[in-house]
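Only this structure's heavy atoms are used, side chains among them; waters, hydrogens and symmetry mates stay out. This structure is a prediction, so every number in the text was calculated from the model and none was measured.
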Amino acid sequence: SKKTKAVGRAERNAGRLFSKIPVTPNQWTALSLIFGGLGFSVSMLYKNLAASLVLFFAAFVLDYVDGAVARYTGRTTHIGAYIDGVSDRFVEAFIILGLMFYDIPDVLVDSNISLAMQLFLSTMTSYARAYADHKKIVVDQTKLREMGGLLERFERVFILLIATASSLYYGAILISYAVILLNFLAIVTVMQRILYAIRE
């Protein structure tokens with residue numbers, strides 16, 4: 001599809017650009033984790049939303065860069081993919097937990113409960129796929145990779161970061177609404193993956 005080709009072209013361009021820097025894919029992954037941890041630390045210790053947001057955006061970009069560089073340079077490995085996946089979970093958790101230190105308005109339920117739900121559901125979207133592989137319900141790796149769903153991790157984190165950035169100008173209520181939306185979409189995604197696994 002046109003969307004798939006556009007995504008692939010953007011990734012190749014990023015891989016070509018950042019491969020010129022003498023940093024390995026695993027080092028890019030480590031940098032992403034470091035920036036995510038720094039963003040969480042700023043949130044916890046200083047409650048500076050703008051500063052933590054810059055760090056979280058850097059972690060998000062670097063997380064994209066590591067895979068793009070690995071594929072462009074032909075340095076993809078199973079260990080690298082494993083480390084990248086674990087790092088992704090940590091960075092996403094850093095972002096969600098970091099937001100708990102800010103005064104985010106309650107919508108429907110306590111904002112920290114909504115964020116805790118997002119933390120759980122974001123983990124479940126990955127777990128639904130990983131456990132299908134672990135239990136050999138989906139044995140075809142191509143089909144396993146195709147177990148998409150309504151909202152992947154990249155889109156989920158991107159929406160959360162954009163809502164957080166917008167909240168600096170339009171109020172933190174935007175984060176509350178974004179988290180509620182993401183929770184709903186994550187539930188749908190988990191159910192889609194479970195049903196996909198059962199059908200396969």
Side-chain angles (χ1 to χ4, degrees), residues 1 3-4 7-8 11 25-26 28-37 39-40 56 59-71 75-100 108-163 175 178-200:
S1 66
K3 180 180 178 181
T4 302
V7 170
E11 183 181 86
N26 286 344
W28 284 119
T29 300
L31 286 171
S32 173
L33 189 59
I34 290 169
F35 274 95
F40 172 73
F56 286 142
F60 178 69
V61 171
L62 291 172
D63 172 54
Y64 177 76
V65 166
D66 61 3
V69 170
R71 281 180 282 275
R75 287 187 284 180
T76 56
T77 65
H78 292 300
I79 293 177
Y82 173 75
I83 294 173
D84 179 47
V86 173
S87 173
D88 290 348
R89 303 284 80 74
F90 271 107
V91 169
E92 187 170 5
F94 282 145
I95 295 171
I96 296 170
L97 291 172
L99 289 174
M100 290 183 176
L108 299 179
V109 297
D110 184 278
S111 62
N112 281 345
I113 292 177
S114 291
L115 286 164
M117 288 176 60
Q118 177 58 203
L119 183 62
F120 170 72
L121 291 168
S122 66
T123 302
M124 283 302 299
T125 56
S126 298
Y127 184 79
R129 174 188 284 165
Y131 207 58
D133 182 35
H134 175 66
K135 289 298 183 181
K136 307 303 179 186
I137 295 176
V138 181
V139 294
D140 188 324
Q141 292 300 305
T142 300
K143 289 185 177 181
L144 192 69
R145 287 191 295 271
E146 291 173 352
M147 187 192 285
L150 188 61
L151 199 68
E152 295 279 4
R153 188 195 66 83
F154 183 89
E155 291 86 353
R156 190 170 59 240
V157 175
F158 182 73
I159 290 171
L160 187 58
L161 290 176
I162 291 299
I175 301 176
V179 173
I180 290 173
L181 174 63
L182 290 173
N183 284 342
F184 172 74
L185 295 176
I187 290 171
V188 174
T189 302
V190 171
M191 294 306 300
Q192 285 179 311
R193 291 186 171 184
I194 291 172
L195 293 173
Y196 181 92
I198 293 172
R199 285 198 304 271
E200 290 301 321

Trainee: When rounded to the nearest 0.5 angstrom, what distance separates CD1 in I95 from CD in Q118?
Mentor: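 Between atom CD1 of I95 and atom CD of Q118 there are 10.5 Å.
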Trainee: Look up atom CZ in R156 and atom CG in L181, then write down how far apart they are to the nearest 0.5 Å.
Mentor: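 Here the interatomic distance stands at 12.5 Å.
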Trainee: Run the side-chain contact (heavy atoms from CB on, under 4.5 Å) test on L160 and L99 for me, step by step, so that the C-alpha distance in whole Å, both residues' side-chain angles and the decisive distance to 0.1 Å come before the verdict.
Mentor: CA-CA 10 Å; L160 187 58; L99 289 174; 3.9 Å; yes
Trainee: What's the spacing between N183 CG and L115 CG if we round to 0.5 Å?
Mentor: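 Result: 8.0 Å between the selected atoms.
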Trainee: Applying the side-chain contact (heavy atoms from CB on, under 4.5 Å) criterion to S114, which one of L108, L119, V109 satisfies it?
Mentor: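 Checked L108, L119, V109 against S114; only one passes side-chain contact (heavy atoms from CB on, under 4.5 Å): V109.
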Trainee: Quick one: closest heavy-atom pair of A59 and S32, and the distance?
Mentor: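 Shortest heavy-atom separation between A59 and S32 comes out as O-OG, 2.8 Å.
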Trainee: Can you check side-chain contact (heavy atoms from CB on, under 4.5 Å) on L161 and F60, steps first, answer last?
Mentor: CA-CA 9 Å; L161 290 176; F60 178 69; 3.7 Å; yes
Trainee: Between T29 (side chain) and P25 (backbone), is there a donor-acceptor pair under 3.5 Å?
Mentor: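 The answer is yes, because a donor-acceptor pair under 3.5 Å joins these two groups.
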Trainee: Can you check whether T125's main-chain N or O pairs, donor with acceptor, with R193's side chain at less than 3.5 Å?
Mentor: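 Between the backbone of T125 and the side chain of R193 there is a qualifying donor-acceptor contact (under 3.5 Å).
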Trainee: Atom CD1 of I180 and atom CE of M117: how far apart are they, to the nearest 0.5 Å?
Mentor: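 The CD1 atom of I180 sits 9.0 Å away from the CE atom of M117.
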Trainee: Of the options F56, F90, F94, F35, which is the one that meets F40 in a ring-ring contact (aromatic ring centres under 6.0 Å, His included)?
Mentor: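 The passing option is F94.
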Trainee: Return the set of residues passing ring pair (Phe, Tyr, Trp, His ring centres under 6.0 Å) with F184 (not counting sequence neighbours), or none when no residue passes.
Mentor: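 Partners of F184 by the ring pair (Phe, Tyr, Trp, His ring centres under 6.0 Å) criterion come out as none, since no residue qualifies.
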Trainee: Is any side-chain heavy atom of N26 closer than 4.5 Å to a side-chain heavy atom of D66?
Mentor: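 No, side chains not in contact.
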Trainee: Which word best sums up how the rings of F154 and F158 line up, parallel for under 30°, tilted for 30 to 60°, or perpendicular for over 60°?
Mentor: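 It falls in the parallel class, under 30°.
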Trainee: Would you say V179 and S111 make side-chain contact, with heavy atoms under 4.5 Å?
Mentor: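 Answer no - side chains too far apart.
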Trainee: Taking only residues two or more places apart in sequence, or in another chain, which ones meet R75 in a salt bridge (Lys or Arg N to Asp or Glu O under 4.0 Å)?
Mentor: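 Salt bridge (Lys or Arg N to Asp or Glu O under 4.0 Å) list for R75, sorted by chain: empty.
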Trainee: Is there a donor-acceptor contact under 3.5 Å from the side chain of T189 to the main chain of L185?
Mentor: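 Flag set: sc T189 to bb L185 pair under 3.5 Å.
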Trainee: Is any side-chain heavy atom of L62 closer than 4.5 Å to a side-chain heavy atom of I34?
Mentor: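 No. Closest side-chain heavy atoms not under 4.5 Å.
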Trainee: Would you name the heavy atoms of M100 and A116 that are closest together and state the gap between them?
Mentor: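 For M100 and A116, the tightest heavy-atom pair comes out as CE-N, 3.5 Å.
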Trainee: What closest approach, in Å, do V190 and L121 show between heavy atoms, and which atom pair accounts for it?
Mentor: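 Looking at all heavy atoms of both residues, the closest pair is CG2-O, 4.3 Å.
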Trainee: Who passes salt bridge (Lys or Arg N to Asp or Glu O under 4.0 Å) against R153, sequence neighbours left out?
Mentor: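 Applying salt bridge (Lys or Arg N to Asp or Glu O under 4.0 Å) to R153 gives D63, D88.
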Trainee: Looking at OH of Y127 and CD1 of I194, how far apart are the two atoms once the value is rounded to the nearest 0.5 Å?
Mentor: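 If I round to the nearest 0.5 Å, the distance is 10.5 Å.
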